Number of protein chains: 2
Amino acid sequence: MQDTELHATVGERLRAVGQRYTPVRRAVVDVLVATARPVSMVELLDAGSGLAQSSVYRSLGVLEEAGVVHRMLGPDGLARHELAEALTEHHHHLVCTSCGTVEDVPASLRLEQTVARAVAQAAAATGFRPQTHRLDLVGVCARCD
Amino acid sequence: MQDTELHATVGERLRAVGQRYTPVRRAVVDVLVATARPVSMVELLDAGSGLAQSSVYRSLGVLEEAGVVHRMLGPDGLARHELAEALTEHHHHLVCTSCGTVEDVPASLRLEQTVARAVAQAAAATGFRPQTHRLDLVGVCARCD
DNA sequence: CTCAGTGCAAAGGATTTGCATGCCG
DNA sequence: CGGCATGCAAATCCTTTGCACTGAG
């Protein structure tokens, strides 16, 4: 997706939930687009020049409600944010237990099909209503190894 | 695994890392065994009669280092602990976005094989050294639905 | 003018740590 | 005896919230 198009989509989604696409929110989205992996608050504050911490937290909250960003928790317990899959594509994570970094890895079709089957099975057996799934590969990244 | 046997194994693992199997640690393990799903700190403190919060945190830390318990973070950002898979068996999680509860679901052989393939692929492509993986099905549990 | 967005500072909440005590080895 | 485990309380750290200011509509 082109950046221009993406920003337009983000704007639409925000308006859809009665929110505006403000400078801070745009700055946050820009960082997320540029990084293309779940980023921590520290990274966001470093990258987005001069943003107030609370504003970033609030922007992320709004963007999350709008379905634009997705929040996850890294192995260190710190929150990480990335663009929602609706704006990127379904992927999984390589979680480094050494440095805490989380990288994206594209999902394979075959794997997804199998997961879908497992999901359906679990749902049928337990009454659980699945919404999405997460597959994280936990280990040590090339840089720490 | 029998409880007796399990406690013996836990004791061994602790000694292997130069730690003792103390009353508090045993109490914590007892709760984890009885619950058979990731439990929050609150649940641990409620279940384990009269344990000091800090002691439980410290015990969990030691047990984690010994490879006896596994720590994860629920959708609410609160830590949850369960027995490590070496002491139970490989399984996945049903994560309820409504109440934050995490339930276990056994892993299917077929799924595991596919995942293993995906893991190997990712490792080869990125230099990532995988140690384990997590598959969480996120949705709403039967009780909240 | 009105109201949402922003920044700063203070509050909140889970987790960690310092320190004194008690127990096991 | 010596050292680790424990409990209590204080300290940390990430995150959230209160409040006043600013800018867009």
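All figures in this text were calculated on a predicted structure; none of them were measured in a lab. Convention: sequence-line order gives letters A, B, ...; per-chain numbering from 1.
Between the A:Asp76 side chain and the A:Leu78 main chain, a donor and an acceptor come within less than 3.5 Å of each other.
The pair B:Glu43-B:Arg37 counts as a salt bridge, with a side-chain nitrogen and a carboxylate oxygen less than 4.0 angstrom apart.
Rounded to a whole Å, the CZ atom of A:Arg25 is 10 Å from the C1' atom of C:dT6. In this structure, the CG atom of A:Leu60 is 14 Å from the P atom of C:dG5, given to the nearest Å. In this structure, A:Arg15 atom CZ and C:dA4 atom P are separated by 17 Å, rounded to whole Å. Taking atom CD of B:Gln53 as the reference point, atom C1' of D:dA10 lies 13 Å away to the nearest angstrom. Distance CG (B:Leu45) to C1' (C:dG13): 14 Å, rounded to an integer number of Å. Rounded to whole angstrom, the span from the CG atom of A:Leu44 across to the P atom of C:dT6 amounts to 14 Å. B:Arg26 places its CZ atom 13 Å from the P atom of D:dT6, with the value rounded to the nearest Å. As rounded to whole Å, 15 Å separates atom P of D:dC4 from atom CG of B:Leu14.
Put simply, B:Ser54 has no side-chain N or O that comes within less than 4.0 Å of OP1 or OP2 on D:dC8. For D:dT16, neither phosphate oxygen OP1 nor OP2 lies less than 4.0 angstrom from any side-chain nitrogen or oxygen of A:Tyr57.
Under the 4.5 Å side-chain heavy-atom criterion for grouping Ile, Leu, Val, Met, Phe, Trp and Tyr, A:Tyr57 is connected to A:Leu14 within one hydrophobic cluster.
Among the atoms of the strands shown, only primed sugar atoms or phosphate atoms (P, OP1, OP2) are found under 4.0 Å from some heavy atom of A:Thr22.
Both A:Arg58 and B:Pro23 sit near DNA chain D, but only B:Pro23 has its closest nucleotide nearer the 5' end.
Non-hydrogen atoms lying under 4.0 Å from DNA chain D are contributed by A:Arg71, A:Leu78, A:Ala79, all within residues 71-82 of chain A.
A:His92 and A:Glu112 form a side-chain donor-acceptor contact under 3.5 Å, judged by distance and modelled atom types alone.
Side chains of A:Val28 and A:Arg25 form no contact here, defined as non-hydrogen atoms less than 4.5 Å apart. Inter-residue side-chain proximity for B:Val39 and B:Arg80 is flagged as unmet; no heavy-atom pair is nearer than 4.5 Å.
Closest to the side chain of B:Arg20, from the set C:dT6, D:dA5, D:dT16, is D:dA5.
Classified by interplanar angle (parallel below 30°, tilted 30° to 60°, perpendicular above 60°), the ring pair A:His7/A:Tyr21 is tilted.
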